Amino acid sequence: TIAFVVLATLLFPITYRVGAECVVQPVMRRTVAAPFENRLYRSYVKPGDEVEAGQVLAELDGREIRVALAEAIAAQSAAVKKRDNAMVSEDPATFQMAQLEADRLALEVERLQFRSDNLSIRSPIDGVVLTGDLERSEGVPVSSGQKLFEVAPLEEMLMEIAIPETEV
């Protein structure tokens, strides 16, 4: 009869709670860094916001780049004009120097145009912003490669539960 009572009590579930620490982390994280040195103009997201791939997270200040681009274009035009004048006057040394200067300035214009076209910092994936509360950092300089945001998708998560040894 005792065996029957023990067996009968084992058939009924008993709730037993174990206190344990739990950490939930995304399987994949993507870091979004500043593409070049500049000032942060505006941040549009904060940690916890859901974002889509291609969504603008922040913008860099483009005033200095636009001024430098205009100066480089003007200097390139002057170098091309100097080269053309040297060609007309048949001065090979001046022609070659002006050509090299025009080529150098063309590369500078290309570099500045690239920066001007890439002032918006976009999310590489769909997910949630984990880090990057830059609301108070607007107007602050950022360096090339500086981590601005961390975005992670919510599809796959890794859960780590620390169960005390005495409860195992």
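As a basis for the values below, the full set of heavy atoms in this structure was taken, side chains included, without hydrogen atoms, waters or symmetry mates. Position 1 is the first residue of the sequence; numbering continues from there. Please read all numbers here as calculations on a predicted model, not as lab measurements.
- Ala79 and Ala98 make their closest contact through O-CB, 3.9 Å (heavy atoms, listed as atom of the first residue, atom of the second, distance).
- With sequence neighbours left out, the side-chain contact (heavy atoms from CB on, under 4.5 Å) criterion links Glu37 to no other residue.
- Atoms CD and CD, on Glu108 and Glu71 in that order, are 10.0 Å from each other to the nearest 0.5 Å.
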Could you please spell out the steps behind the side-chain contact (heavy atoms from CB on, under 4.5 Å) verdict for Arg83 and Leu100?
CA-CA 9 Å; Arg83 179 200 65 195; Leu100 291 172; over 6 Å; no

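- Shortest non-hydrogen contact noted between Gly54 and Arg122 is O-NH1, 2.9 Å.
- When the shell of 6.0 Å around CD of Glu167 is examined, it contains more than 12 heavy atoms from other residues, nucleotides or ligands.
- For Ser143 against Ala34, the heavy-atom pair with the smallest separation is O-CB, 3.4 Å.
- Around CD of Glu50, the count of heavy atoms belonging to other residues, nucleotides or ligands within 6.0 Å does not exceed 12.
- Of the residues listed (Ile121, Leu148, Val140, Leu57), the one engaging Leu134 in a side chain to side chain contact (heavy atoms under 4.5 Å, CB included) is Leu148, and it is the only one.
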I'd like to know whether Val51 forms a side-chain contact (heavy atoms from CB on, under 4.5 Å) with Val128, so could you lay out the CA-CA distance, the side-chain angles of the two residues, the decisive distance to 0.1 Å, and finally the verdict.
CA-CA 6 Å; Val51 294; Val128 173; over 6 Å; no

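- In this structure, the side chains of Glu64 and Arg39 come closer than 4.5 Å at one or more pairs of heavy atoms.
- Counting non-hydrogen atoms of other residues, nucleotides and ligands closer than 6.0 Å to CD of Gln25 gives a total above 12.
- With values rounded to the nearest 0.5 angstrom, Met97 atom CE is found 11.5 Å from Asp91 atom CG.
- Between Leu69 and Gln113, some side-chain heavy-atom pair lies under the 4.5 Å cut-off.
- For the pair Met157 and Pro26, the tightest heavy-atom approach, listed with the atom from each and the gap, is SD-CA, 3.7 Å.
- A continuous path of Ile, Leu, Val, Met, Phe, Trp and Tyr side chains, each step under 4.5 Å between heavy atoms, connects Ile161 with Val18, placing both in one hydrophobic cluster.
- When side chains are defined from C-beta on, Glu138 counts as touching Ser43, because their heavy atoms get closer than 4.5 Å.
- Between Glu150 atom CD and Thr31 atom OG1 the span is 5.0 Å, to the nearest 0.5 Å.
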Could you walk me through whether Leu60 and Phe36 pass the side-chain contact (heavy atoms from CB on, under 4.5 Å) test, one step at a time?
CA-CA 9 Å; Leu60 299 175; Phe36 46 84; 4.0 Å; yes

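- When the shell of 6.0 Å around CD of Gln146 is examined, it contains more than 12 heavy atoms from other residues, nucleotides or ligands.
- In the model, Tyr44 has a side-chain atom that pairs as donor or acceptor with a side-chain atom of Glu59 under 3.5 Å.
- Pro124 places a side-chain heavy atom less than 4.5 Å from the side chain of Val32.
- Annotation for Phe95: atom CZ counts as buried by contact number, over 12 foreign heavy atoms lying within 6.0 Å.
- Using a 4.5 Å cut-off on side-chain heavy atoms (C-beta onward), Leu105 and Val80 make no contact.
- Under the 4.5 Å side-chain contact rule for hydrophobic residues, Val151 and Met28 share a cluster.
- Expressed to the nearest 0.5 Å, how far CD1 of Ile125 lies from CD of Glu155 amounts to 8.5 Å.
- Taken to the nearest 0.5 Å, the CG atom of Asp84 stands 10.5 Å off from the OG atom of Ser89.
- The two residues Asp61 and Tyr41 have their closest heavy-atom pair at N-CB, 3.6 Å.
- The structure places CD of Glu52 at 9.0 Å from OG of Ser123, a figure rounded to the nearest 0.5 Å.
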Decide yes or no on side-chain contact (heavy atoms from CB on, under 4.5 Å) for Phe4 and Thr9, but give the supporting numbers first.
CA-CA 9 Å; Phe4 180 71; Thr9 56; over 6 Å; no

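- Atom CG of Leu11 is surrounded by more than 12 heavy atoms from other residues, nucleotides or ligands within 6.0 Å.
- Between the side chain of Asp49 and the main chain of Val129, no donor-acceptor pair closer than 3.5 Å is present.
- Ala33 approaches Gly145 most closely through the heavy-atom pair CB-O, 3.6 Å.
- Between the side chain of Gln76 and the main chain of Val109, no donor-acceptor pair closer than 3.5 Å is present.
- Side chain of Ser77 to backbone of Ile73: a donor-acceptor contact under 3.5 angstrom is found.
- In this structure, Tyr16 is a member of the same hydrophobic cluster as Ile163, with clusters built from ILVMFWY side-chain heavy atoms closer than 4.5 Å.
- Two residues are said to be in side-chain contact when any heavy atoms from C-beta on lie closer than 4.5 Å; Cys22 and Glu160 fail this criterion.
- Phe149 pairs with exactly one of Thr131, Asp133, Val45 by the side chain to side chain contact (heavy atoms under 4.5 Å, CB included) rule, that one being Val45.
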